[in-house]
Each structure stands twice: as structure tokens, then as C-alpha cells.
There are 2 protein chains.
Amino acid sequence: MWFPIDPRSPTPIYQQIVDGVKEAVAKNILQGGERLPSVRELAGLMTLNHNTVAKAYQELERERVIDVVRGRGTFVAAPGSRPDRAERIVRMKDIMKQLWVEAHHLQITSQDLMTMMQDAVLEWDQERGQEES
Amino acid sequence: MWFPIDPRSPTPIYQQIVDGVKEAVAKNILQGGERLPSVRELAGLMTLNHNTVAKAYQELERERVIDVVRGRGTFVAAPGSRPDRAERIVRMKDIMKQLWVEAHHLQITSQDLMTMMQDAVLEWDQERGQEES
DNA sequence: CGTGTGTACTATTACAAGCGGTACACCAAG
DNA sequence: CTTGGTGTACCGCTTGTAATAGTACACACG
């Protein structure tokens, strides 16, 4: 599978699935139109309850990451319009603030923070490039 | 007070207190050695139970943000050694990855992401400067 | 000693997560 | 039409966490 799950993590299992799929899509490991395992199938592979997987799929559909077709399956959505753009930019700014606060408590200057960020982004962009369709 | 609390937020109240204090310290609104309200006092101001505030203070002490002296009060810790530096850098990288994944689902390029980050950091650094001791 | 501090319990309520199981509506293929 | 696979919607149950209320204790200081 494209991501690990830790049942003892404080972050819920269904959320770990959501994060894992979103990361796989962002990295082009999962590409537009590709079919995901059915809820029962993925639940079997991960020894989870199908309801847990279903909850993750519902959240992913709500975030427009996947398309769900009843009786057919779930598919990675084509990168398309994002009507909730404003809301999500607010969310990104929240994450940025978290990062900034953490950095200051680590006595990391804003300049060093930007350098670390730049390095990490370059690394992930490189991984993403290797999966290009 | 230096931060708002939303009882209906999905993030726990005690966590909101932790985040609020950490942010205030990072912004120099709360400075080293400054005394925080007692658990009962802050609980009274926010109409919370003192146990909830105590839980937040314990977490803040665990993260070395405040110093607790029984019978005296709680005080903002002086910026000092961070023995858990490695652990926290891992945490920062996790936050960075979240940010990068979100950006790609918003069809924001890594370059634009870095620009947004730079702007936000400059803004917060400016706020922080105004509170200089 | 008395007061204010953080801390440690107990009990209770509420809610979310996750599991197991069942049932239903939909779609496509036989 | 029937069959099998899909997502979905329930129910009941258990577990863990958050938060409240209340009480009690150990410590520091005047």
C-alpha cells in the first residue's frame, strides 16, 4: 500500500487514511482516474472495519480528492475546480502559523525556517517528479 | 486575555490554551519570567474548570514553555536549552509536509507556496517586533 | 497558622472512534 | 431478471478522551 497506519497513534485511523491518500495524490503516486480499492477490500488488507474505510472515503470525497460512484467504485478525482479555495487558504495560513510558532520555540530564526522549508519542498518535488505520468 | 477560546471547536479546550500561550510567547506578548494567572484564576476568567487549565499548564511545562513552582505560581520559561530538539524538528517537518500536500491539492505551486510563506513570516515577525522588551 | 499555589484523586456526563453485523440502493454483467 | 460487487445507512457495543464538579493534599510564603 502507499502509506502506513499506526493504530496506536492519537490521530484517528480514518484520518491517517485521508492524509495518506492525499499525500499519495500530491506525489503523483495515485493519478487522476485511478481506481482505489473498495471499502471492504481495503479494510481486509489493513484488517480494519469497512466502516472506518468508508468514513475516510467520505471525507476524501468531501474534500474533492476522490469521486465516488455507487455500484462502480471510488476514483481519484481529476485536478479540477476548488470552490472552497478561500476556506482552504485560511487553513494553510493556520498551518503556517503553527510552523512559525514551533520554530520560535526551537529558537530557529525565520530565515532558517525558510531555508528548511525550501530544502524540504525541493525534496518532495523531486519525489513527485519521479512519478510523472 | 491574549487569545480566544471556542468551546465548540473540535480541538480540545486545553489544547487551545496550549496553542494560545505558545503563540503569545513566540510573539513576545508574554515574556520570559512573566507570571501567568493561577489555574483557578484563569479558569474563573474563562468560565472553565480548574482541571482543564491545569491540564494545559502540565502540557506547557512538558514542552518547557513555562516553569511551574508549587505554591508560587507558573512563569514563562526563559528561552533555554531544548533537549528534545531532534524530536521537534521531526514534528516541524511533518507540519511542512502537511502544508506542501495542501498546497498541491489547491493547485498552488511550490514556488507560490514559498512566496506565501515568506509574506506570512514577515508579517508575524513585524508583530513580534512591536512587542520587543 | 492561614492563604494561595499546583497537584491528585473520584465520580460523572458527553462524545468520538472503532468494531461487528446487517440491510439497502445502485450499477453492470451474466 | 438474477447475481455479485459497489457505496451507504443503520444498530448495538466497547473503549478512550475531554470536560465538569467536588474534594483533598503538599508546598511556599507571610
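Chain naming here is simple, since letters A, B, ... match the order of the sequence lines and numbering starts at 1 in each. Source: prediction; values computed, not measured.
The line from CG of A:Leu42 to OG1 of A:Thr47 is 10.0 Å long, rounded to the nearest 0.5 Å.
Contact annotation: side chain of A:Asn51 to base of C:dG21, donor-acceptor pair present below 3.5 Å. For C:dG21, its base never sits under 3.5 Å from the side chain of A:Asn49 at any donor and acceptor pair.
Comparing A:Gly71 and A:Pro12 by the nucleotide of DNA chain C that holds the closest heavy atom to each, the one mapping nearer the 5' end is A:Pro12.
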Yes or no on side-chain contact (heavy atoms from CB on, under 4.5 Å) for B:Glu127 and B:Ile29, after CA distance, side-chain angles and deciding distance?
CA-CA 10 Å; B:Glu127 289 180 41; B:Ile29 295 172; over 6 Å; no
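An OP1 or OP2 oxygen of D:dA9 is reached within less than 4.0 angstrom by a side-chain nitrogen or oxygen of A:Gln58. At D:dG5, none of the side-chain N or O atoms of A:Ser38 fall inside 4.0 Å of OP1 or OP2 (strictly under the cut-off). Proximity of B:Lys55 to the phosphate of D:dA19: no side-chain N or O atom is located under 4.0 Å from OP1 or OP2. Within the 4.0 Å cut-off from OP1 or OP2 of C:dC19, at least one side-chain nitrogen or oxygen of A:Thr52 is found.
Regarding B:Arg72, its CZ atom lies at a distance of 11 Å from the P atom of D:dA28, rounded to whole Å. The interatomic distance linking A:Tyr14 (OH) with D:dG7 (C1') rounds to 19 Å, in whole Å. As a whole-Å value, the separation of A:Met46 CE from C:dG18 C1' is 15 Å. Taking atom CZ on A:Arg70 and atom C1' on C:dC24, their separation rounds to 9 Å, with Å as the unit. Taking atom CD1 of residue B:Ile13 and atom P of nucleotide D:dA18, one finds them 11 Å apart after rounding to whole Å. Between the CZ atom of B:Arg40 and the P atom of D:dA24 there is a distance of 13 Å, rounded to whole Å. Going from atom CD of B:Glu59 over to atom C1' of D:dA19 covers 17 Å, rounded to whole Å. Protein atom CD of B:Glu41 is 14 Å distant from nucleotide atom C1' of C:dG6, rounded to whole Å.
Nearest approach of B:Leu113 to B:Trp100, heavy atoms of both residues: CD2-CA, 4.1 Å. In plain terms, the two heavy atoms of B:Ile5 and B:Ile17 that are nearest each other are CD1-CG1, 4.2 Å.
Residue B:Arg35 is in sugar-phosphate contact alone, with no base atom involved, counting any heavy-atom pair closer than 4.0 Å across all strands shown.
Tested against B:Asp19, the residues B:Gln16, B:Gln15, B:Lys22 include a single side-chain hydrogen bond (donor to acceptor under 3.5 Å, both in side chains) partner, B:Gln15.
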